[in-house]
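First comes the structure, then the notes that go with it.
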Amino acid sequence: LDQTLVVNTTVFYQEITDYIANRFVFDEVQTRVNNDGNNVYITAIGNVPEISAKGIELDIAYNINNTSIRLSGAYNDSRYEDFKEAGKPLELGGTNTPYYDISGRRLPGVGPTSFNAFVEHTWSFANKREIFANANYNYTSSYLTDPALSRYSKVDSYGLTDIGVGYGTSDEKFQISLVVKNLFDEEYGYQPLWNIAIPSTPRWAGVTISGKL
């Protein structure tokens, strides 16, 4: 298409051994100190025998008639393949089970599916002046944030929309833009632990000015 379309893709599979994470281990010293017939277990940093990550990434860019369109997305299935001694989440803290087997569960911190869509149009004028407008939408699927995979650390899926309009020179030596982030004031805060809350960034509008010599 006269070099107006670019498509890049990656298919990946990776295995990692001795992955560093929180583990639940027997505390021999504290067990001796207590001397009450009960074993003591604590959470400590250790090695997970094996994890895997597999998925696909896709990036598409299309430029025609002063309009740029970009679509990108990924599916990332990252799991603990062998992890029988995980640190217990708080909701299991009172159980007698010494270890928490999370083999086969997804790793925390990232949603398996994400994609981004961006579009921008530019109106050019004399003397290399231009006006541009753009919009961006970013989506992330649900995931857990707690390394122990507490069900209370779930972040629901969400999408953020940003827009902007601006004026500048075609060589980008000067640009001024009005931008609005999180246009629809999407709430995506989460609670990684029972006593910690991470709020989302509310909708905000501002002006950006950039230039280069």
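- In this structure, Tyr137 and Phe115 have tilted ring planes: the angle between them lies in the 30° to 60° band.
- Atom NZ of Lys173 has 12 or fewer neighbouring heavy atoms from other residues, nucleotides or ligands inside a 6.0 Å radius.
- By the 4.5 Å heavy-atom criterion applied to side chains, Ile163 and Leu178 are not counted as neighbours.
- Between Asn116 and the choices Asp59, Asn138, Thr140, the side-chain hydrogen bond (donor to acceptor under 3.5 Å, both in side chains) rule is met once, by Asn138.
- For the pair Val48 and Ala21, the tightest heavy-atom approach, listed with the atom from each and the gap, is CG2-CB, 3.7 Å.
- Within the 4.5 Å cutoff, the side chain of Tyr75 has heavy atoms near those of the Pro112 side chain.
- Once rounded to the nearest 0.5 Å, the distance linking OH of Tyr19 with CG of Leu107 reads 4.5 Å.
- With no hydrogens or angles considered, no side-chain donor-acceptor pair links Asn65 and Thr67 at under 3.5 Å.
- Note on Val6: it does not cluster hydrophobically with Leu1, by side-chain heavy-atom contacts below 4.5 Å among ILVMFWY residues.
- Taking the side chain as every heavy atom from C-beta outward, Asn76 and Phe12 approach each other to under 4.5 Å.
- Considering only heavy atoms from C-beta on, Phe132 comes within 4.5 Å of Ser177 through its side chain.
- Criterion: ILVMFWY side-chain heavy atoms under 4.5 Å apart, direct or through other members. Under it, Ile176 and Ile131 are part of a common hydrophobic cluster.
- With rounding to the nearest 0.5 angstrom, the CD atom of Glu130 is 5.5 Å from the OG atom of Ser124.
- In this structure, the side chains of Asp162 and Val179 stay at 4.5 Å or more apart for every pair of heavy atoms.
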Go through the steps to decide whether Glu187 and Ser200 satisfy the test side-chain hydrogen bond (donor to acceptor under 3.5 Å, both in side chains), and finish with yes or no.
CA-CA 6 Å; Glu187 174 61 47; Ser200 59; 3.3 Å; yes

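- Contact of the Phe118 side chain with the Asn134 side chain is registered, since non-hydrogen atoms from C-beta on lie closer than 4.5 Å.
- At most 12 heavy atoms of other shown residues, nucleotides or ligands fall within 6.0 angstrom of atom CZ in Arg70.
- Cluster membership for Trp204 and Tyr188, using ILVMFWY side-chain heavy atoms within less than 4.5 angstrom, is not shared.
- Considering every non-hydrogen atom in both Thr9 and Glu57, the closest pair reads OG1-O, 2.9 Å.
- Listed for the Arg203 side chain is a donor-acceptor partner under 3.5 Å among the backbone atoms of Leu183.
- Within the 4.5 Å cutoff, no side-chain heavy atoms of Thr201 are placed close to those of Asn182.
- In the hydrophobic cluster analysis, where Ile, Leu, Val, Met, Phe, Trp and Tyr join through side-chain heavy atoms closer than 4.5 angstrom, Trp123 is grouped apart from Ile69.
- Arg151 and Asp146 are not joined by a salt bridge, as no carboxylate oxygen comes within less than 4.0 angstrom of a charged side-chain nitrogen.
- Atoms CD1 and CD, from Ile16 and Glu81 in turn, are 11.0 Å apart once rounded to the nearest 0.5 Å.
- For the atom pair OH of Tyr190 and CG of Leu144, the computed distance is 12.0 Å after rounding to the nearest 0.5 Å.
- Defined by atom type and a distance below 3.5 Å, a donor-acceptor pair is present between the side-chain atoms of Ser103 and Asp101.
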Going through the distances and angles, do Val25 and Glu85 end up as a side chain to side chain contact (heavy atoms under 4.5 Å, CB included)?
CA-CA 7 Å; Val25 297; Glu85 299 176 349; 5.5 Å; no

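- The hydrophobic cluster containing Val7 also contains Ile64, counting ILVMFWY residues as joined when their side-chain heavy atoms lie under 4.5 angstrom apart, directly or transitively.
- Nearest heavy-atom pair, Ala148 versus Tyr100, reported as atom, atom and distance to 0.1 Å: O-CE2, 3.5 Å.
- Note that CG of Asn47 and CZ of Arg23 are 7.5 Å apart. Values are rounded to the nearest 0.5 Å.
- Atom CG of residue Asp185 and atom CG of residue Leu160 lie 10.5 Å apart, to the nearest 0.5 angstrom.
- Considering every non-hydrogen atom in both Tyr80 and Ile51, the closest pair reads CD2-CG2, 3.6 Å.
- By the 4.5 Å heavy-atom criterion applied to side chains, Asn22 and Ile45 are counted as neighbours.
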Side chain to side chain contact (heavy atoms under 4.5 Å, CB included) between Tyr143 and Thr145: does it pass, once the steps are laid out?
CA-CA 7 Å; Tyr143 61 93; Thr145 62; 3.7 Å; yes

